[in-house]
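Computed over heavy atoms, backbone and side chain alike; hydrogens, waters and symmetry mates excluded.
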Amino acid sequence: MSKTPSQSSGDPEKHGSEVSREGSPSPVHDPALERKVWRKLDMWLLPVVTMFYLLNFLDRANIGNARIAGLQKDLKMTNKQYSIALTVTYVPYIVAELPSNLLLKAVGPNLMLPAMLTAWGIVTTLQGVVKSYQGLLACRFFLGLCEGGVFPGLVLYLSFFYPRQRLQWRISAFFSAASISGAFSGLLAFGIINMKGVGGRPGWAWIFILEGLFTVVFGAISFLILPGSPATARFFNEKEKAYVIAKLKEDGATGKNDNVDAFSWREVGQAFTLPQVWMLAILFFFAGTILYGMAYFTPSIVASLGFTNSRAQLMSVPPFAVAFVLSMIAAYISDRYRCRGLVSIIATLSCVIGFSMFLGSTKHKIQYASLFFSIPGTYVAAPTLSTWSANNAAPHTRRATAIAIGFIMTNSGGILATWLLGSLSTAPRYTLATRVLLSFSVVSIAVAALNVYYLWSQNKKKAEIRQRMTVDDEEPGLGDRSAWFEYAL
């Protein structure tokens, strides 16, 4: 990784025209091939990855729809017990994230990711046949265990195929599935609950059964269509494979050789020493609290504003639809102008506005309107932070660890969210929860600004070093600490 080129400014679509670190023209500049390979990847890879995450988020968050469709009442759960059921999901989820990311390349993402998808689909389906609170707890535990490595694994997986400055739009494309699932789950639940009584089961049970069965089917199919790496992608010819691999090496997204990207416990430890990893860890924790608070409790929040339960399913759709559109626009801007930090700050400012509106007004229309700021804000910030993390750690093992740390913190925030909105705050005001989420949003803006400043100052120091020395003078294996590795701001 010590031979990573510095990034050029400007349009990421022209990234291949930059000059290599050694000072000679880049050997991997072919405009026609450039357009062709990324278009092929987007057509073959993104739909599959997006469906993975849509099902991941749908199968984890549909308990919020099932709750207002009668799950909590039928299983005789208190609000505290409901929060415990959500928390049980996160404990194995968090434990699985780092080992899963470290194993992903060794096992093969084309095997490991579909296996996880199929397994959690089975568990989701089983939630539809539980008869007791204890049975639900068991299902939620195994759901978290099977899903734990998916999101960090997908971020890492995409970094196997796309250079750094092409990454956020693709991460946002699949992460937008989370906002789509928020909208889709409301519509789906609205239709499925009408199956109440079919097979002697309540409507909420069919939410789990039908969505889980679809996940199992797609998981089985994905074994056949998911490529393991650019070198094994069946939709590429040999020239296209070589081109993508060369672009990844040129960009610094992979090592210059397999030894650099090989697993190393030293590189795992190195990830824990990076200041940018810990600043982002704070941001991930705050963003995770907000994200999962909105994902799990939006139907309950909307229902508390005076809508019937079935109407609340529908009224939860529009804020998530807006989040999808804005997340894609923000991703394009972030990739085009290379401004991860600024996009995350503006997105979090939207959360500040939303929570302030909800907290400061008792009018249901204003409180509902606040969701159009808080939900899009967090669904824009989350993929931006994920890309920021993936962009600024190298080589592979260090990057895999940094990504996993971020998602461990995200899901730790999810645990807090389940209690903040599940039992510590009561409808319709959710006063304590809203105050905490507002405070987290304000602090997030400050920490994001601090991270931008830190990365900018490090880039400035690296530029000074490059003026005094040549590449051959630098110690090999520095990864992102190399003077020739420029941090993404």
Side-chain angles (χ1 to χ4, degrees), residues 49-50 52-54 56-58 60-61 90 93-94 97 147 150-156 158-159 167-183 279-298 319-320 322-335 339-352 354-355 371 373-392 402-417 437 440-441 443-445 447-448 451 488:
V49 170
T50 300
F52 262 66
Y53 195 59
L54 187 150
N56 171 271
F57 214 82
L58 186 68
R60 188 155 28 113
Y90 283 107
Y93 198 106
I94 291 169
E97 287 180 308
E147 286 193 344
V150 175
F151 194 3
L154 290 176
V155 172
L156 183 62
L158 287 182
S159 74
L167 198 55
Q168 184 172 342
W169 191 90
R170 276 78 186 186
I171 289 177
S172 289
F174 90 75
F175 186 83
S176 67
S179 55
I180 292 174
S181 76
M279 282 185 275
L280 281 170
I282 295 170
L283 295 175
F284 273 116
F285 177 77
F286 290 163
T289 306
I290 300 169
L291 177 70
Y292 289 117
M294 296 294 99
Y296 282 124
F297 292 97
T298 293
F320 288 101
V322 172
F324 165 71
V325 174
L326 291 182
S327 67
M328 298 311 298
I329 294 172
Y332 172 78
I333 293 171
S334 178
D335 277 349
C339 52
R340 315 295 189 208
L342 181 60
V343 169
S344 68
I345 288 170
I346 293 173
T348 311
L349 182 59
S350 178
C351 292
V352 172
F355 294 131
L371 299 177
F373 290 91
S374 54
I375 291 176
T378 191
Y379 278 81
V380 168
T384 307
L385 295 176
S386 303
T387 311
W388 213 7
S389 175
N391 279 175
N392 289 331
I403 292 171
I405 290 170
F407 288 107
I408 287 170
M409 297 301 289
T410 298
N411 290 293
S412 298
I415 293 177
L416 177 58
L437 298 182
F440 281 5
S441 300
V443 176
S444 292
I445 292 173
V447 175
N451 194 42

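- To the nearest 0.5 Å, atom OG of residue S412 and atom OH of residue Y292 are 10.5 Å apart.
- The shortest heavy-atom contact between G341 and W388 is CA-CH2, 3.5 Å.
- Atoms CZ and CG, from F284 and N411 in turn, are 10.5 Å apart once rounded to the nearest 0.5 Å.
- Annotation: side chain to side chain contact (heavy atoms under 4.5 Å, CB included) contacts of L342 (sequence neighbours excluded): C339, I346.
- The heavy-atom pair separating L371 from P319 by the smallest distance is O-CB, 3.8 Å.
- Rounding to the nearest 0.5 Å gives a distance of 9.0 Å between OG1 of T289 and CE of M409.
- For the pair A347 and A381, the tightest heavy-atom approach, listed with the atom from each and the gap, is CB-N, 3.8 Å.
- Residues I403 and A390 approach most closely at CD1-CB, 4.0 Å, considering heavy atoms.
- Among the candidates T387, N392, N391, the single residue satisfying the side chain to side chain donor-acceptor pair (under 3.5 Å) test with R340 is N391.
- Remark: Y53 engages F57, F151, F174, F175 in a ring-ring contact (aromatic ring centres under 6.0 Å, His included) (not counting sequence neighbours).
- T298 places a side-chain N or O within donor-acceptor distance of the main-chain N or O of M294, the cut-off being under 3.5 Å.
- Closest approach of A402 to S389, counting heavy atoms only: O-OG, 3.7 Å.
- The closest donor-acceptor contact from the side chain of S334 to the backbone of A330 lies at 3.5 Å or more, if one exists at all.
- The line from CG of L291 to OG1 of T378 is 4.5 Å long, rounded to the nearest 0.5 Å.
- From F440, atom CZ reaches atom CD1 of I445 across 14.0 Å, with rounding to the nearest 0.5 Å.
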What verdict does the side chain to side chain contact (heavy atoms under 4.5 Å, CB included) test give for N451 and V447, after you've listed the backbone C-alpha separation in whole Å, the side-chain angles of each residue and the deciding distance to 0.1 Å? CA-CA 6 Å; N451 194 42; V447 175; 5.6 Å; no
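- Residues S386 and F407 meet the side-chain proximity criterion, which asks for heavy atoms closer than 4.5 Å.
- In summary, of the residues considered (F373, F324, F320), a ring-ring contact (aromatic ring centres under 6.0 Å, His included) with Y379 occurs for F320 alone.
- By the 4.5 Å heavy-atom criterion applied to side chains, I375 and V322 are not counted as neighbours.
- For the atom pair OH of Y90 and OG1 of T410, the computed distance is 10.0 Å after rounding to the nearest 0.5 Å.
- Scanning for ring-ring contact (aromatic ring centres under 6.0 Å, His included) contacts around F52 gives an empty result, with sequence neighbours left out.
- Closest approach of C351 and S374 over heavy atoms only: SG-O, 3.6 Å.
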